[in-house]
Amino acid sequence: MAADDLVELAKRRGFFFGSNGAYGGTAGFYTFGPQGAALKRNLEDAWRDRFTIREGNREIEAPTVMPEPVFEASGHLEGFDDMLVECGECGESHRADHLVEAVTEIEDAEALPGDEVEGLIADNEIACPSCGTPLAGESVEDFNLMFATDIGPGDAQPGYLRPETAQGIFVEFPRLKEYARGNLPFGITQIGAAYRNEISPRGGLLRLREFTQAELEQFIDPEADEPPLDRVRDVEVRLYPATEQEADDGEYVETTVGEAVDEGVIGSPWVGYYLGVAKEWYERVGVDLDRFRFRQHLAGERAHYAADCWDAESEVDGDWIEIAGFSYRSDYDLSKHGEHGDGAFTVFKRYDEPKTVERAAVDPDMSVLGPEFGGDAAAVAEALEALAERDPDAFDAETVSVDVNGETRDVDVDVAGFAIEETTESGEHITPHVVEPSFGVGRTVQTLLAHAYREDEVDGEARTYLSVEPEIAPQDAAVFPLVTNDDRLVDLADRVASDLRAAGLAVAYDDSGSIGRRYRRQDEVGTPFCVTVDRDGIEGDAPDTVTVRERDSAAQVRLPADELAAELAALRAGESFDVLLDRYETVETDVETN
RNA sequence: GCACCGUUGGUCCAGUGGUAGGACAUUAGCUUCCCAAGCUAAUAGCCCGGGUUCGAUUCCCGGACGGUGCACCA
């Protein structure tokens, strides 16, 4: 299939199109039309069902605008901010800060203003690494991939549109852990928009400036928590490990989740677990598994804190695109926010048995130390405390000596209040580790459409259709009167359509043009079932019956109108059309598909 | 951001220094008992700004958007 065909279909049938066309268009922004929005929402619902509901996790919704300090902590402020200088001669772009750092003593050139870096390039006669042309006079461009904004009027505080949804979960961890009643493991999900001011957005939905992410942050105790790996142990996966990517004749490793984890191909059992869950989910929503793989990040590709990282990739138009990332992020995120923020980004981990520890402690009598040592009294007390911990035996004598401010101070042991205390510790504060499956929703939509796109022939006439799963299809069904010159057919079709809608099904009604044309319209947007009211359905042997046509095969069955809603709901939930073919009268249509 | 190419009804294309034509789609009517049928009619377009010109959709410049390559993609 040519990529152009899908783009044309997407525009014509209302899946997605470039935004703000009336104002010339805006690069990097796409609007999902009626069909696309419905499909995307169904996909999100399927994700929510699998990664939130079925995992027993909880979903939150955080703001898209966050204040600057959040991104100082997360590293995005620095990591997303690049200083580029372009060579006027050969056109290569280079990191200006790196060039300056290479030839000067300056270690953090990125923190300098752009014009100062321009000056440094001129003063140090820095030349283009690619072609050797002096870069003096070239302007240093500041690229921050985050959209900046102001929060509030006047002396507003700087804020940014979030470049990933994850931070909205991390920053609220101190509160979210309360809702989990302090127990690990627990998972928080979020589906929402993220923003990156891409230099050069391209490729339709593949690289946008505003896009939708579905993310799960699984918080675990790295020493105690194990994933329920047995649930996915036998799931078959196609892996593309780093070692194979680096080999000259690298090959896929076809294995199971269990084996891959056992053999250490997948480093973290948690990552392995979610790869298995994701594989089954992708199959459920209609990704073609022949055009799907898990690719491990190469060492250089990986963030320094990530122990192991895998991407889910799908093949679209011959290119492999990243549609999800699975990373073991250790305690990086929560530790960073713990350092920068005020809350407690830890949980209290209770020991199996409370530990009784003997500790040497002092309880100095300050009413004696104060008059005796004056301003040094507090320092003496502190020194006594340190000594008790370091060398309890020092308190065996009648007096004990400590050095404070270069002077030796003698204190009566009685005054120091030395004692061996037994204390009970019932646990410790630990920073949870994070396992993060992060899905790109728009890219998954693109994948589903590309993988569902089909061309075949029905009765010798070419047709285009989308073989999307009923759960994901924008519309559950369409209802037609076979012909419109008989009010009885139109009336029954009207009634059937409104009954189905009342039952919660998304139903299109169409009485325009020939029946074949109407089938083709629905085929093109992936409607899985078409309900047609014909004359046999209102008179003769089978009153109040309708026919249901399955999209891919064009096979039809006749069933009572009042059983329709329940059957369509079952089909949407995953029941095979073959069940209906067995249960009801098959309609002979002489229609051939191939 | 750089370079090259492009932008004409909803979609896909043709064409022109004197404001445009087709196909498909859409709408209405006729016809029509199962897969883009037929007939009649209708709706609908030269990306934006500036320049040259009596006159620009057409030529020139700039911009926006799109495609491709480079760069970028924590």
Side-chain angles (χ1 to χ4, degrees), chain A residues 3-5 7-14 17-29 33 71 74-82 84-95 130 138-139 141-146 163-164 166 196-204 206-209 301-306 322 325 456-465 480-486 488-489 511-524 530-539 546-549 551 553-556 558 587-593:
Chain A
D4 292 349
D5 293 337
V7 170
E8 190 268 329
L9 176 64
K11 266 194 287 195
R12 189 162 45 78
R13 288 299 186 192
F17 48 88
S19 300
N20 308 315
Y23 293 88
T26 314
F29 295 90
F71 300 112
S74 71
H76 286 98
L77 206 54
E78 198 172 336
F80 261 34
D81 194 26
D82 287 347
L84 296 184
V85 61
E86 189 174 288
C87 173
E89 187 64 27
C90 69
E92 288 285 311
S93 285
H94 302 281
R95 290 282 296 267
S130 305
E138 300 292 344
S139 65
E141 301 289 339
D142 204 22
F143 288 119
N144 192 332
L145 253 48
M146 286 196 293
E164 60 176 21
R196 296 180 194 182
N197 201 0
E198 296 285 353
I199 295 167
S200 173
R202 290 237 182 118
L206 297 186
R207 196 197 286 175
L208 294 177
R209 291 187 166 127
E301 220 175 331
R302 216 160 52 207
H304 63 273
Y305 50 80
E322 176 192 346
D456 72 348
E457 284 185 4
V458 175
D459 253 15
E461 294 283 348
R463 74 160 175 167
T464 298
Y465 67 105
F480 319 133
L482 183 60
V483 291
T484 52
N485 61 354
D486 185 335
R488 295 175 304 167
L489 298 192
D511 62 4
S512 168
S514 72
I515 190 67
R517 180 184 298 272
R518 285 178 264 163
Y519 284 141
R520 298 304 167 86
R521 283 184 188 133
Q522 297 303 323
D523 288 345
E524 230 177 19
C530 288
V531 177
T532 301
V533 178
D534 62 1
R535 203 163 284 156
D536 290 345
I538 53 173
E539 59 191 21
V546 297
T547 64
V548 176
R549 165 196 182 264
R551 176 195 59 214
S553 64
Q556 284 182 291
R558 177 175 300 280
V587 179
E588 297 302 327
T589 56
D590 300 330
V591 173
E592 298 270 329
T593 63

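Below, read A as the first sequence line, B as the second, and so on, with proteins coming before strands; counting in each chain starts at 1. Computed over heavy atoms, backbone and side chain alike; hydrogens, waters and symmetry mates excluded.
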Where do N or O atoms of nucleotides 22-26 of chain B meet protein N or O atoms at under 3.5 Å, pair by pair?
{"residue": "B:A25", "atom": "OP1", "partner": "A:Arg517", "partner atom": "NH1", "Å": "2.9"}
{"residue": "B:U26", "atom": "OP1", "partner": "A:Arg521", "partner atom": "NE", "Å": "2.4"}
{"residue": "B:U26", "atom": "OP1", "partner": "A:Arg521", "partner atom": "NH2", "Å": "2.3"}
{"residue": "B:U26", "atom": "OP2", "partner": "A:Arg517", "partner atom": "NH1", "Å": "3.0"}

Subject >> Listed nucleotide nearest any side-chain atom of A:Ala27, set B:A71, B:C34, B:G66 >> reply: B:G66
Original post:
Is it true that the NZ or CZ of A:Arg549 lies under 6.0 Å from the centre of A:Tyr519's six-membered ring and within 45 degrees of the ring axis?
Top reply: yes
Original post:
Per the atom types in the model, does the base of B:C35 pair as donor or acceptor with the side chain of A:Arg463 at under 3.5 Å?
Top reply: no
Subject >> Euclidean distance for C1', B:U40 against B:G49 (whole angstrom) >> reply: 44 Å
**OP:** Quote, to the nearest angstrom, the C1' distance that separates B:G67 from B:U27.
**Re:** 34 Å
**OP:** Indicate yes or no: does A:Glu524 engage A:Arg463 in a salt bridge with an N to O separation below 4.0 Å.
**Re:** no
Subject >> Separation of B:G66 C1' from A:Glu198 CD (nearest whole Å) >> reply: 17 Å
Subject >> C1' atoms of B:U16 and B:G55, separation to the nearest Å >> reply: 14 Å
Original post:
Where the side chain of A:Arg520 is concerned, which of B:A36, B:C34, B:A37 is the nearest nucleotide?
Top reply: B:A36
Original post:
Do A:Asp511 and A:Arg518 sit within salt-bridge range, that is, some charged N less than 4.0 Å from a carboxylate O?
Top reply: no
Subject >> A:Phe480 CZ to B:A36 P, straight-line distance once rounded to whole Å >> reply: 13 Å
Subject >> Euclidean distance, atom CZ of residue A:Arg518 to atom C1' of B:C34 [Å, nearest integer] >> reply: 10 Å
Original post:
Is it true that A:Glu539 and A:Arg488 make a salt bridge, defined as a side-chain N closer than 4.0 Å to a carboxylate O?
Top reply: yes
**OP:** Using Watson-Crick or G-U wobble geometry with both distances below 3.5 Å, tell me the partner of B:A71, or none.
**Re:** none
**OP:** Write down the distance between CZ (A:Arg207) and P (B:G66), rounded to a whole number of angstrom.
**Re:** 13 Å
Original post:
Below 4.5 Å, heavy atoms only, C-beta onward: do A:Val546 and A:Arg558 meet side chain to side chain?
Top reply: no
Subject >> Distance, rounded to the nearest Å, where A:Met146 contributes CE and B:C73 contributes P >> reply: 15 Å
**OP:** Report the base-pairing partner of B:U52 (Watson-Crick or G-U wobble, both distances below 3.5 angstrom), or none.
**Re:** none
**OP:** Can you figure out which of B:U68, B:A36, B:C34 approaches the side chain of A:Glu524 most closely?
**Re:** B:A36
**OP:** Determine whether any donor atom in the side chain of A:Tyr23 lies under 3.5 Å from an acceptor atom in the base of B:C48, or the reverse, and answer yes or no.
**Re:** no
Original post:
Using atom P of each nucleotide, how far apart are B:C59 and B:U8 to the nearest Å?
Top reply: 14 Å
Subject >> A:Pro201 and A:Phe29, any side-chain heavy atoms less than 4.5 Å apart >> reply: no
Original post:
Using atom C1' of each nucleotide, how far apart are B:C12 and B:C48 to the nearest Å?
Top reply: 23 Å
**OP:** Determine the Euclidean distance between corresponding P atoms of B:G10 and B:C46; express it in Å to zero decimal places.
**Re:** 9 Å
Subject >> A:Thr532 side chain near B:C34 phosphate (N/O to OP1/OP2, under 4.0 Å) >> reply: no
Subject >> Nearest-angstrom distance from the residue atom CG of A:Asp456 to C1' of B:C35 >> reply: 11 Å
**OP:** Can you figure out which of B:C12, B:C35, B:U32 approaches the side chain of A:Glu8 most closely?
**Re:** B:C12
**OP:** Looking at every strand, decide which applies to A:Gly33 at a 4.0 Å heavy-atom threshold: base, sugar-phosphate, or nothing.
**Re:** nothing
Original post:
Would you say the side chain of A:Ser514 and the base of B:C35 hold a donor-acceptor pair, judged only by whether the two atoms sit under 3.5 Å apart?
Top reply: no
**OP:** Rounded to whole angstrom, note down the P distance from B:C60 over to B:U52.
**Re:** 16 Å
Subject >> Atom-to-atom span, CZ of A:Arg202 to C1' of B:C5 - whole angstrom >> reply: 12 Å
**OP:** Not counting sequence neighbours, which residues clear side chain to side chain donor-acceptor pair (under 3.5 Å) with A:Ser200? List them please.
**Re:** none
Original post:
Rounding to the closest angstrom, what is the interatomic distance between B:A41 and B:G9 at atom P?
Top reply: 25 Å
Original post:
Whole-Å distance between B:C35 P and A:Asp534 CG?
Top reply: 12 Å
